[in-house]
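Contents: one structure, followed by commentary.
Note that ligands are numbered from 1 as they come in the structure, with each ligand's atoms numbered from 1 the same way.
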Amino acid sequence: MKVVKNISLKNLNTFGVDVKSKYFVEIYSEQELKQILNSEEYSNHQKIILGGGSNILFTKDFDGLVIKNSISGIKLFDEDNNKVIVEAGAGVIWDELVKYCVDKNIGGIENLSFIPGMVGAAPIQNIGAYGQELEETFYELNGIYIDDCKTKIFNNSDCSFSYRNSIFKNELKNKFIITSVRLKLNKNPNVNLSYKDVKEEVEKRKIKHPEIKDIREIVISIRKSKLPDPAEIGNAGSFFKNPVITKERFKVFKEEFPDLRHYLVDANNVKIPAAWLIEKCGWKGKRIGDTGTHPMQPLVIVNYGNASGKEIYEISTMIKDVVNTTFDIKLENEVNIIN
Ligand SMILES: Cc1cc2nc3c(=O)[nH]c(=O)nc-3n(C[C@H](O)[C@H](O)[C@H](O)COP(=O)(O)OP(=O)(O)OC[C@H]3O[C@@H](n4cnc5c(N)ncnc54)[C@H](O)[C@@H]3O)c2cc1C
């Protein structure tokens, strides 16, 4: 384990912003993590944990220690006739875990195929896509508190999961490091066709009895056709969450904008697409310098080359302001901002 000084994080965040970290270390085991957390030398430095860097925006150089979590390993932790508990290290690539499960016909996370990043970050925002959310199969996780190095297991309800949210984005933000995650998955999986695009593609491909491997393939092809690849153009996926508004308010919106889509959240609330709001404000494909919203997907803010984190952050606040002024709706960031 080697701590390096003044390292550029350009290749370690999918926005590709060129910021430096004062110190950087990559850890491969819980033991190494404890060693670095206990070390006197770095005890007074601010610490940030980094996975794949696909949901983070550094707005300036980081004056502390970045810990890259690369704890590997996937194993079957427990099983009965119907269920299997799979455990993965926080540094396992999320999509490798999905592939591992789908290859064994273990179901429950196939709709979450191809989401970038590492297993350890998946619970942070309760990753979700195409009609599935992590919390539906999440069993428990292991981790370590940064300040006293104590370990703790969090079960599903301890995590306070909600839409793109958990306890780790709130009370425990930058205080707790996830080291491994356990998911409870199905040995006899049913496919989840609740998302319109997935169902339509199954029909289009004339698959009579879709299996989870078909769903994985379809989700990957939809994602590739819709989302910009960070390897080609810097981005962190959706920059904002889709806002939740009351049904009454939605009714008023719908009268003025009949094309507005919505998703039921509960008996009183609906979610509406942030991308639609941004587009209506004239911000689809708008570019300022080397940053802007993607021409096909305005919810994605991109780095065309040499945008700084500050410039990307500034454009995000301009978008929030214009949506607030136009629609009286406050967009919330999905991306984790490091100021
Ligand atoms: C093209 C693209 C598409 C995307 N699509 C989706 C999508 O469909 N659905 C979705 O939910 N997300 C999506 N995302 C966002 C992102 O992929 C996920 O949020 C992912 O879980 C982030 O993983 P990461 O390892 O890259 O996290 P990072 O960006 O490295 O970290 C994210 C946050 O988690 C913290 N963190 C990371 N690891 C740990 C750990 N082990 N312990 C404690 N804290 C930790 C970090 O400090 C940071 O605050 C997309 C991103 C991109 C670029």
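- The shortest heavy-atom distance from R164 to ligand 1 is under 4.0 Å.
- At a heavy-atom cutoff of 4.0 Å, ligand 1 is contacted by the side chain of Q125 but not by its backbone.
- Polar contact with ligand 1: present for G51 (N/O pair, distance under 3.5 Å).
- Taking a 4.0 Å cut-off on heavy atoms, F176 registers as neighbouring ligand 1.
- Taking Ile, Leu, Val, Met, Phe, Trp and Tyr as hydrophobic and joining them when side-chain heavy atoms fall under 4.5 Å apart, one finds I93 in a cluster with M118.
- A cation-pi arrangement is found for R182 relative to F77, the charged atom lying closer than 6.0 Å to the ring centre and inside a 45° cone about the ring normal.
- If you look at N55 next to ligand 1, the close heavy atoms, those under 4.0 Å, come from the backbone and the side chain alike.
- The nearest heavy-atom contact from the protein to atom 4 (C) of ligand 1 is R223 NH2, 3.4 Å.
- Shown in contact with I177 at under 4.0 Å from a heavy atom are these atoms of ligand 1, numbered in order with element: 42 (N), 43 (C).
- Each of K5, K47, K20, K22 was checked for a salt bridge (Lys or Arg N to Asp or Glu O under 4.0 Å) with D63, and the lone residue meeting it is K22.
- With W276 as the partner, the side chain to side chain contact (heavy atoms under 4.5 Å, CB included) test is satisfied by one option alone out of L299, N242, L260: L260.
- Residue, atom and distance of the protein heavy atom nearest to atom 42 (N) of ligand 1 are I178 N, 2.9 Å.
- Ion pairing of R223 with D95 is absent here, as no side-chain N (NZ or NE/NH1/NH2) approaches a carboxylate O to less than 4.0 Å.
- Relative ring orientation between F327 and F253 is described as tilted, the plane-to-plane angle lying within the 30° to 60° band.
- Atom 23 (O) of ligand 1 has as its closest protein heavy atom A121 CB, 3.2 Å.
- Annotation: atom 21 (O) of ligand 1 to nearest protein heavy atom, I127 CG2, 3.3 Å.
- With sequence neighbours left out, the ring-ring contact (aromatic ring centres under 6.0 Å, His included) criterion links F138 to F161.
- In this structure, K169 falls outside the shell of residues with a heavy atom less than 4.0 angstrom from ligand 1.
- At a heavy-atom distance under 4.0 Å, only side-chain atoms of I124, from C-beta outward, approach ligand 1.
- Nearest protein neighbour of atom 22 (C) of ligand 1, counting heavy atoms only, is S54 OG, 3.3 Å.
- Of all protein heavy atoms, the one lying nearest to atom 44 (N) of ligand 1 is I49 CG2, 3.0 Å.
- Within the 4.0 Å heavy-atom criterion, the part of A236 lying near ligand 1 is the backbone and not the side chain.
- Contacts with ligand 1 closer than 4.0 Å are made by side-chain heavy atoms of A129 only, the backbone lying farther away.
- In plain terms, the two heavy atoms of K169 and E334 that are nearest each other are NZ-O, 3.0 Å.
- Here the protein heavy atom with the shortest distance to atom 9 (N) of ligand 1 is G128 O, 2.8 Å.
- In this structure, Y130 and K226 approach most closely via the heavy-atom pair OH-CD, 4.5 Å.
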